[in-house]
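Following: one structure in structure tokens, then a few remarks.
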There are 2 protein chains.
Amino acid sequence: MIPTLKDVAERAGVHPSTVSRVLQGKENLPISEKTRTSIFAIAKELNYQPNQLARAFRLKKTQTIGLIVPDISNPFFSGIARSIEICSRRKDYTVVLGNTDENQDREIRMINNLLSRGIDGLILAPVQDRSGHIKDLCNRNFPLVLIDRCFDELETNAVISDNEEAAFNAISYLAQAGHRRIGFISGRKNIYTIRKRFLGYQKGIKTFDLVDDSELVSDNGFTLESGYHSTRKILSLPKSPTALLISGNKITVGAMKAIFEKKLSIPDDISLIGFTDFIGSPYWVVPMTTITHPVKEMGEAAFNLLFNNMATKETVPHSKMMVATKLNIRGSVKNLALADFAANSFPQG
Amino acid sequence: MIPTLKDVAERAGVHPSTVSRVLQGKENLPISEKTRTSIFAIAKELNYQPNQLARAFRLKKTQTIGLIVPDISNPFFSGIARSIEICSRRKDYTVVLGNTDENQDREIRMINNLLSRGIDGLILAPVQDRSGHIKDLCNRNFPLVLIDRCFDELETNAVISDNEEAAFNAISYLAQAGHRRIGFISGRKNIYTIRKRFLGYQKGIKTFDLVDDSELVSDNGFTLESGYHSTRKILSLPKSPTALLISGNKITVGAMKAIFEKKLSIPDDISLIGFTDFIGSPYWVVPMTTITHPVKEMGEAAFNLLFNNMATKETVPHSKMMVATKLNIRGSVKNLALADFAANSFPQG
DNA sequence: TTATTTTATGCAAACGATTGTGGCATCCAA
DNA sequence: TTGGATGCCACAATCGTTTGCATAAAATAA
């Protein structure tokens, strides 16, 4: 059987509490060198491992954090997960994982589940249909860090990227390349990131005086299929856009499917900027111009925020951390300005 | 504060044990309808949630399983993770996650850690430098399922895909397309999957009487960089291959980088088959011909095996489950037979 | 020597749930 | 009226650790 404190204590001829104290390494406690070494020896001999379950129960501290994301198979979130797991391990924390599939009820059930299993803190990319349950957590002063998405109306810790600026920069880049009719394809606009991106998109439209047409905007889900259908619809518009700003890489793949089905080529017929970079982006049909989020850094920042929050009993001032994104200019955007110039230089007919 | 059994009991004027029994819904126990309804009402009013930590401690059952993979940010493993997480949730299990980064010591530490935290079972994609610790688990009859990789010498549950056949089929396909000099680029050959693939490769080489040259084989890691360097080396050979069979998608991306740096084009100058399909594979520079693993099914199978294993106290006969892979023929392989034919039909000079 | 401090350790309660055992009513049968 | 059966519930132990408090022995001071 697995040895317990009691087993070690019996063999060493001391009380379990003594063993506990010695093994905890409380230096300042008065323990004779003799018993100390004896206990260490016996613990080693028996290969004693403290029962963390009992320990967690007694201490009300599990050394475990929860990580809840919409979809762990999404490269963005699996990158975050990896980063968080590595940080956690360093600080002797374990991470338990949950997928919500963008389902609000599932998120709530999952949080309650993890809570009753005793996590010390939670990192969450919320679904954002509702926020009451998150507010409750805050009120209870439960260590919580939101990641990727946060609530403007809630005072929480959060690590987010500057989606508004990112989208604005993308539009700015497209505008400079001569695009005037730009489509915006995304998941659901109640999601924080999408809302901010849309804001950035709109700001860009206004700033550069581009075509403002609600038909160019589509948001109906995060799947490959939804990206496919949105794109098909937008491409069949009487006046279809010359460029697309696309959020989410499954959506992007769906969009490409639609584009190639229509025998269009990128960037000659249509330009593309993808909102998330991932491995392989440079090697797509055309090297994809994308916006990069500093995934590793975001995970680290989230864990560190959480760690500090867990360490201090008192209320910690909440901090929303905004990280900058990067526009990776590759080859999926055509410079219409140059093209127009060329076309005008050699007038037809 | 969070209400406990005791709180509910006091309010209901009964003993905690009674509350426990009622809330467990043991129908056959003699409990009066009056106390039963009263207890339910009060539990609901207080929003009583059983403390799963205490429960787990008492019952020695945490309703938690461990999932340890080399790298959760690898799409193959994150797909597996997602599938397993979904199955787990359905059966009221939670999954805790670990990355080994192909580091054997880290794997061992992680297993011990999860064990002392009380997981009910473990799904593991092992590093495979050593197997002693896994043998120990088996001897202790601990519920364990290996995934993606297993040990020929160990009797364990496992869900693996038929890598040998997959590689053989790929080589067969390349051979039929007229390729005679085929490179094999992979991670580390001590890994089960890679070993089997290499076996399939060799079998193919023999069967179709292709060029058997150890210089065409390279295995030095799972990273983008290692793929890059391996490919560079192989492409600079005096007699460089006409096709490459590549294991692992980070490696594949590295290979493409090397190929394009050399200004070679796919498939005209060099053909490619990738060993793992992932979202976007169809939309690469050239639609990638890949081997697909049934990720979702593998995850489900692994969970089900584990679940059965956890349910039965007695020793369950171990089963290794082998799933078939699929060769997705897209556009990254050139038919040299046709090309040669064409070349011969129109002799130059 | 006695009083006092220090050193080293034991004792027991506690965390929150589960479960075997046992006991007090009540009821029915003989 | 007594016996046993049955319905309903309480009691207490238990899981493995931790920790405040008590205490005995040893060391030091008076």
Side-chain angles (χ1 to χ4, degrees), chain A residues 1-40 42-43 46-64 92 112-113 115-120, chain B residues 1-40 42-43 46-64 92 112-113 115-120:
Chain A
M1 268 323 294
I2 293 167
T4 69
L5 260 192
K6 213 172 139 201
D7 298 323
V8 179
E10 269 170 17
R11 285 256 220 152
V14 294
H15 196 266
S17 60
T18 306
V19 179
S20 171
R21 282 185 255 253
V22 167
L23 260 31
Q24 281 177 78
K26 304 211 165 177
E27 296 297 341
N28 53 339
L29 273 183
I31 307 272
S32 74
E33 208 46 47
K34 204 176 110 226
T35 48
R36 188 188 298 272
T37 51
S38 139
I39 285 174
F40 273 124
I42 292 174
L46 261 46
N47 187 28
Y48 167 75
Q49 303 275 88
N51 180 331
Q52 299 294 353
L53 208 54
R55 207 150 179 279
F57 170 53
R58 171 67 227 251
L59 262 25
K60 304 201 169 317
K61 182 144 195 329
T62 52
Q63 291 288 117
T64 298
D92 197 32
N112 286 332
N113 181 279
L115 247 32
S116 77
R117 282 166 198 249
I119 49 174
D120 297 338
Chain B
M1 266 327 292
I2 293 167
T4 70
L5 261 194
K6 213 172 139 201
D7 298 323
V8 179
E10 270 172 16
R11 285 256 220 153
V14 297
H15 196 265
S17 60
T18 307
V19 179
S20 171
R21 281 185 254 253
V22 167
L23 261 30
Q24 280 177 79
K26 304 210 166 176
E27 296 296 341
N28 54 339
L29 274 183
I31 306 272
S32 74
E33 208 45 47
K34 205 178 109 225
T35 46
R36 189 186 296 272
T37 51
S38 139
I39 284 173
F40 272 125
I42 292 175
L46 261 46
N47 187 27
Y48 168 74
Q49 303 276 86
N51 180 330
Q52 297 296 351
L53 209 54
R55 208 153 177 276
F57 170 52
R58 171 67 226 256
L59 261 26
K60 303 200 170 319
K61 182 144 195 329
T62 52
Q63 292 288 116
T64 298
D92 198 32
N112 286 333
N113 181 278
L115 247 33
S116 77
R117 282 168 198 248
I119 49 174
D120 297 338

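Chain letters run A, B, ... following the sequence lines, proteins first and then strands; every chain starts at 1.
- Contact record, Ala12(B) with Ile39(B): CB-CG1, 4.1 Å, taken as the closest heavy-atom pair.
- Across all non-hydrogen atoms, the minimal contact from Pro50(A) to Ser116(B) is O-CB, 4.0 Å.
- With values rounded to the nearest 0.5 angstrom, Leu5(A) atom CG is found 11.5 Å from Glu10(A) atom CD.
- The side-chain contact (heavy atoms from CB on, under 4.5 Å) test applied to Thr64(B) returns Arg117(A), Thr62(B), Thr94(B), Val96(B), Ile119(B), not counting sequence neighbours.
- Ring-base stacking between Phe57(A) and dT17(D) is not satisfied when judged by a centre separation under 5.5 Å and a plane angle under 30°.
- Legend: residues meeting side chain to side chain donor-acceptor pair (under 3.5 Å) with Ser32(B), ordered by chain and number and at least two apart, are Thr35(B).
- Summarising the local packing, CD1 of Ile2(A) is surrounded by 12 or fewer heavy atoms from other residues, nucleotides or ligands at distances under 6.0 Å.
- Each side chain to side chain donor-acceptor pair (under 3.5 Å) pair with one or both residues in residues 46-60 of chain B, not counting sequence neighbours, would appear here, but there are none.
- Leu59(B) comes within 4.0 angstrom of the backbone, heavy atoms only, and of no base.
- Within a 6.0 Å radius of NZ in Lys61(B), other residues, nucleotides and ligands contribute more than 12 heavy atoms.
- Considering only residues two or more places apart in sequence or on other chains, Thr18(A) meets the side chain to side chain donor-acceptor pair (under 3.5 Å) condition with none of them.
- Within residues 9-16 of chain A, the residues approached by DNA chain C to less than 4.0 Å at the level of any non-hydrogen atom are Gly13(A), Val14(A), His15(A), in residue-number order.
- Base engagement by Leu5(A) is indicated by at least one non-hydrogen atom pair under 4.0 Å involving a base atom.
- Shown here is Leu59(A), whose CG atom has more than 12 heavy atoms of other residues, nucleotides or ligands within 6.0 Å.
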Under 3.5 Å, which N/O atoms of the protein pair with N/O atoms of nucleotides 22-28 of chain D?
none

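- Under the salt bridge (Lys or Arg N to Asp or Glu O under 4.0 Å) criterion, Asp7(B) pairs with no residue, sequence neighbours left out.
- Chain B approaches DNA chain C within less than 4.0 angstrom (heavy atoms of the protein), and the contacting nucleotides run 5' to 3' from dG16(C) to dG20(C).
- One atom, CD of Gln49(A), and another, P of dT17(D), lie 11 Å apart when rounded to the nearest Å.
- Separating the CD1 atom of Ile31(B) from the C1' atom of dG7(D) is a distance of 10 Å, rounded to the nearest angstrom.
- Within the structure, the salt bridge (Lys or Arg N to Asp or Glu O under 4.0 Å) test picks out the following pairs touching residues 11-25 of chain B (sequence neighbours left out): Arg11(B)-Glu45(B).
- With hydrogens and angles ignored, a donor-acceptor pair closer than 3.5 Å exists between the side chain of Arg21(A) and the base of dG20(D).
- Checked against side chain to side chain donor-acceptor pair (under 3.5 Å), Gln24(A) has the following partners two or more places apart in sequence or in another chain: Ser20(A).
- Between Lys6(A) atom NZ and dC15(D) atom C1' the separation is 11 Å, expressed in whole Å.
- Residue order along DNA chain D, read from the 5' end via each residue's closest nucleotide, puts Thr35(B) first among Thr4(A) and Thr35(B).
- Axis angle across the helix from dT1(C)-dA30(D) to dA30(C)-dT1(D), with five pairs used at each end and values rounded to 10°: 70°.
- At dT19(D), one or more side-chain N or O atoms of Gln24(A) fall inside 4.0 Å of OP1 or OP2 (strictly under the cut-off).
- Under the side-chain contact (heavy atoms from CB on, under 4.5 Å) criterion, Thr37(A) pairs with Glu33(A), not counting sequence neighbours.
- For Arg58(B) and dT17(D), the CZ to P distance is 16 Å, given to the nearest whole Å.
- Across the protein-nucleic acid pair, Asp7(A) atom CG and dG16(D) atom P stand 9 Å apart, rounded to whole Å.
- Counting non-hydrogen atoms under 4.0 angstrom, Ser17(A) reaches a base of the nucleic acid.
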